Structures are given as structure tokens and as C-alpha cells.
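Just so you know, these numbers come straight off a predicted model, no measurement behind them. Along the sequence shown, residues carry numbers from 1.
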Amino acid sequence: MAVVSVQSGPEPWAQRTADILALALEDAGFDVGRHFPLLTGALNRDGEAIVILGPVTPAVAEQLARILNRATAAGVVDTAD
């Protein structure tokens, strides 16, 4: 059985979060490699964790907005900060 080391800190947290977002986007029907090729976790200049989405086409932004609007209309709302 292999032992897996789980890194902690802001950069691994940012990358894990980017990976979770990528899976959610794929579940919503996006081709993440094509529609969000720059999606990654990183650190900003202050060393804080960030997720970089990168530029998206208007069509992708419109599709994402439609999905979010339908989720909101269905009562799917996350109020966590």
C-alpha cells in the first residue's frame, strides 16, 4: 500500500480548489481543457491562495451564466464566504 503525502498550505489548497472547480465544470458540460485552459491554483504577490480561471469566450461565459441562473432559480444558493 502506497503512502500519499498530503501537502498543506496556500498553494496546494489553491490547486485542490482549482481541481474541484474543474470537475464541477466538467459535470456541467464544459470541456475544461478547451474552455478553461488556464484554470489552475496559484499564489498572488502576497502569498495568498488564488484560483486563476483565465480568459473565456463570450459563448462560454454565456453558457456558465445560464447554468448559474438556472441553479439560482431552482433555489441552489451557497451563502458561504
All heavy atoms of Glu26 vs all of Val32, minimum pair found to be CG-CG2, 3.4 Å

Could you pull out the closest heavy-atom pair between Ile50 and Ala14, with the gap in Å?
O-CB, 3.3 Å

Co-membership, hydrophobic cluster, residues Val60 and Leu68, 4.5 Å side-chain:
yes

Side-chain touch Glu62/Pro58, heavy atoms, less than 4.5 angstrom:
no

Taking every non-hydrogen atom, the tightest pair across Ala28 and Ile67:
O-CD1, 3.7 Å

Counting N and O atoms only, with roles assigned by atom type, does the side chain of Glu11 sit under 3.5 Å from a partner on the main chain of Ala42, one being a donor and the other an acceptor?
no

May I ask you to decide if Glu48's main-chain N or O and Asn44's side chain share a donor-acceptor pair within less than 3.5 Å?
yes

In this structure, CG of Leu39 is separated from CD1 of Ile52 (nearest 0.5 Å) by 9.0 Å

Verify the cluster assignment for Leu23 and Trp13: are they in a single hydrophobic cluster under the rule of side-chain heavy atoms below 4.5 Å apart?
no

Roughly how far apart are Asp31 CG and Leu25 CG, rounded to 0.5 Å?
11.0 Å

What closest approach, in Å, do Val56 and His35 show between heavy atoms, and which atom pair accounts for it?
CG1-O, 3.7 Å

